[in-house]
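Quantities reported herein were computed from a predicted structural model and do not represent experimental measurements.
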Amino acid sequence: MAQFFAEAGIATEAAPASAELRHGVPIGPSHVIALGGRVLALARFLRQRGVRIVHSNDGRTHATWALPARMAGAKLLWHHRGAPDAAGLRYLAPLLANRVVAVSRFASPRAGLYSAAPRNDVVHSPFDTSMRYNRSEARDAILADIGKDDTTCLVGFSGVFIDRKRPFLFVDAIAALRREAPDLDVHGLMFGEGLDGMDEQVVAHAERQGVGDSIHIMGFRTPGAFWLAGCDILMIPAVDEPFGRTLIEAMLVETPVVATKSGGNVEAIHDRSTGLLVPAEDADALASACVTLLRNPSTAALIARTARIEALNNFGVSRHVRAIMAIYDRMVDSEHSRAA
């Protein structure tokens with residue numbers, strides 16, 4: 001992170017060491033004890049520097065900085081990128097957060113007697129809208145990688161292989177697609193990391209479904225948008241996704257999207273205008289939507305162009321920055337109002 005800021009010409013200062021919290025590992029008693037032992041040092045660090053706003057961005061930074069921020073008299077902006085039932089959002093944010101920013105309406109805190117919902121704003125995640133990749137070049141790179149020719153239909157999946165992303169459902173959808181359109185040489189490309197042997201399980205599932213030769217585990221690749229540009233379709237079988245990044249990146253590189261009508265997907269995709277939405281947990285529906293696009297290239301191209309315009313207008317960095325800065329201003333203004 002220091003290097004990232006340095007490259008942008010922004011000076012940084014290292015904060016005091018904090019407790020080690022591993023991503024995806026639930027916070028237990030030992031973590032609470034370790035966090036508690038660093039609260040005073042972190043609060044002192046903020047107070048000595050006159051920090052007025054602490055902007056935390058994930059579960060680990062919420063846990064580390066929420067209490068020190070309040071102890072130092074700083075405002076806490078809790079940026080929530082996860083599910084609405086996350087424990088921190090439900091139990092800690094109402095108590096410690098001055099404002100909450102959720103990446104989608106779906107991810108926002110639910111209303112209730114004890115809730116941060118009255119202090120919530122929805123600001124969609126920002127994207128580099130300047131990205132442009134040669135789709136033919138990207139497609140050729142994929143075809144060379146998997147040893148296929150230009151008659152092949154390429155359907156992509158992108159994301160960590162975890163249950164919420166539904167990698168097995170993707171395999172089921174590719175199998176259904178091949179049954180529905182046996183004349184199309186469809187291949188499923190799975191970009192991302194397989195955690196805890198999930199990639200091996202996906203391969204085994206593909207063999208059981210009779211599409212072992214049609215599913216390709218591509219691994220993690222960067223820049224991700226280049227590889228998305230090489231796909232004919234990006235399929236998103238995920239459920240309860242707060243606001244998927246690859247979905248917007250596909251829109252920006254004009255790869256048509258087929259996604260489940262779930263989570264934040266419905267806030268990014270307008271059905272049959274900027275993509276196709278289908279019921280969740282339905283492999284046949286995913287397959288049929290893909291067949292519609294593959295058999296109607298002019299429709300797919302129109303959707304892709306419309307999607308890019310939508311993404312350019314709504315998900316750029318400048319728009320995101322203006323929204324966040326407006327929230328900062330309101331937080332500081334409220335502080336001034338109480339002082340007066």
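Taking both residues in full, the closest heavy atoms of A41 and P16 are given as O-CG, 4.1 Å, listed atom of the first, atom of the second, then distance. Heavy-atom minimum distance, L177 versus A287: N-CB, 3.4 Å. Looking at every heavy atom in both residues, V278 comes nearest to A289 through CG1-CB, 3.8 Å. Residues A111 and A117 approach most closely at CA-CB, 3.9 Å, considering heavy atoms. Across every non-hydrogen atom of P256 and E254, the tightest pair is CD-O, 3.7 Å. Across all their heavy atoms, G156 and L234 have their closest contact at O-CD1, 3.5 Å.
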Assess whether side-chain hydrogen bond (donor to acceptor under 3.5 Å, both in side chains) is satisfied between N98 and R119, documenting all intermediate values.
-> CA-CA 7 Å; N98 296 92; R119 286 168 268 157; over 6 Å; no
Would L92 and W78 count as a side chain to side chain contact (heavy atoms under 4.5 Å, CB included) if you check the C-alpha gap in whole Å, the side-chain angles of each, and the deciding distance to 0.1 Å?
-> CA-CA 10 Å; L92 291 181; W78 181 298; 3.9 Å; yes
For L154 and L143, run side chain to side chain contact (heavy atoms under 4.5 Å, CB included): C-alpha distance rounded to whole Å, both residues' side-chain angles, the deciding distance at 0.1 Å, then the answer.
-> CA-CA 9 Å; L154 303 175; L143 292 173; 4.1 Å; yes
Full working for side-chain hydrogen bond (donor to acceptor under 3.5 Å, both in side chains) between R272 and T299 = CA-CA 9 Å; R272 302 194 176 278; T299 299; over 6 Å; no
Stepwise side chain to side chain contact (heavy atoms under 4.5 Å, CB included) check, M71 with L40 | CA-CA 8 Å; M71 291 179 65; L40 292 178; 3.5 Å; yes
In sequence, state the C-alpha distance, the side-chain angles, and the governing distance for R139 and D150, and then conclude on salt bridge (Lys or Arg N to Asp or Glu O under 4.0 Å).
-> CA-CA 9 Å; R139 179 177 169 79; D150 197 47; 3.1 Å; yes
Side chain to side chain contact (heavy atoms under 4.5 Å, CB included) assessment of M190 paired with K165 = CA-CA 11 Å; M190 303 190 72; K165 304 284 189 181; over 6 Å; no
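Residues I146 and M235 fall into different hydrophobic clusters, defined by Ile, Leu, Val, Met, Phe, Trp and Tyr side chains chained together at heavy-atom separations under 4.5 Å. L286 is not connected to I269 by any chain of hydrophobic side-chain contacts under 4.5 Å among Ile, Leu, Val, Met, Phe, Trp and Tyr, and they are in different clusters. Hydrophobic clustering (ILVMFWY, side-chain heavy atoms < 4.5 Å, transitive): Y328 and V321 are in one cluster. Using a 4.5 Å cut-off between side-chain heavy atoms of Ile, Leu, Val, Met, Phe, Trp and Tyr, with links allowed through other members, I324 and V317 fall into the same hydrophobic cluster. Taken together through direct or relayed side-chain contacts under 4.5 Å among Ile, Leu, Val, Met, Phe, Trp and Tyr, V51 and F45 form part of one hydrophobic cluster.
In terms of the side chain to side chain donor-acceptor pair (under 3.5 Å) criterion, E207 has no residue partners (sequence neighbours excluded). Taking the side-chain contact (heavy atoms from CB on, under 4.5 Å) definition, one finds that Q201 meets it with F168, M198, sequence neighbours left out. Judged as a side-chain contact (heavy atoms from CB on, under 4.5 Å), and not counting sequence neighbours, the contacts of A307 are M251, T274.
Remark: H62 NE2 to L77 CG distance equals 9.5 Å, nearest 0.5 Å. A distance of 11.5 Å separates CZ of R245 from CG of L228, quoted to the nearest 0.5 Å. Note that the OG1 atom of T260 and the CG atom of D240 stand 8.5 Å from one another [nearest 0.5 Å]. Once rounded to the nearest 0.5 Å, the distance linking OG of S262 with CD1 of I236 reads 11.0 Å. In this structure, the separation between CZ on F226 and CZ on R221 is 10.0 Å, given to the nearest 0.5 Å. Note that CE of M218 is 4.5 Å distant from CG of D145, once rounded to the nearest 0.5 Å.
With salt bridges taken as basic N to acidic carboxylate O contacts below 4.0 Å, one links R295 and D183.
Between V258 and V155 the shortest side-chain heavy-atom distance does not fall below 4.5 Å. Annotation: side chain of H205 is in contact with side chain of D172 (closest heavy-atom distance under 4.5 Å). H55 places none of its side-chain heavy atoms less than 4.5 Å from the side chain of R99. Between F157 and V171 there is no side-chain heavy-atom pair separated by less than 4.5 Å. Looking at heavy atoms from C-beta onward, I327 lies in side-chain contact with R330 at the 4.5 angstrom threshold. H270 places none of its side-chain heavy atoms less than 4.5 Å from the side chain of L277. The side-chain heavy atoms of R164 and P242, taken from C-beta on, include a pair separated by under 4.5 Å. Under the 4.5 Å side-chain criterion, counting only non-hydrogen atoms from C-beta, F170 is in contact with I215.
Within a 6.0 Å radius of CG in D196, other residues, nucleotides and ligands contribute 12 heavy atoms or fewer. Annotation: Q48, atom CD; neighbour count of heavy atoms from other residues, nucleotides and ligands within 6.0 Å is above 12. Y114 OH: more than 12 foreign heavy atoms inside a 6.0 Å radius. Crowding of R81 atom CZ: a count of heavy atoms from other residues, nucleotides or ligands under 6.0 Å exceeding 12.
The backbone N or O of F106 lies less than 3.5 Å from a partner atom in the side chain of E267, making a donor-acceptor pair. A donor-acceptor pair is defined here as one N or O able to donate and one able to accept, closer than 3.5 Å; no such pair exists between the side chain of S288 and the backbone of A285. For the pair R166 (side chain) and E281 (backbone), a donor-acceptor distance under 3.5 Å is absent. Formation of a donor-acceptor pair under 3.5 Å by the R110 side chain with backbone atoms of S108 is found in this model.
Relative orientation of the H124 and F315 rings is perpendicular, given thresholds of 30° and 60° on the angle between their planes.
Checking each of T255, D140, D232 against R135 for a side-chain hydrogen bond (donor to acceptor under 3.5 Å, both in side chains) leaves exactly one that passes, namely T255.
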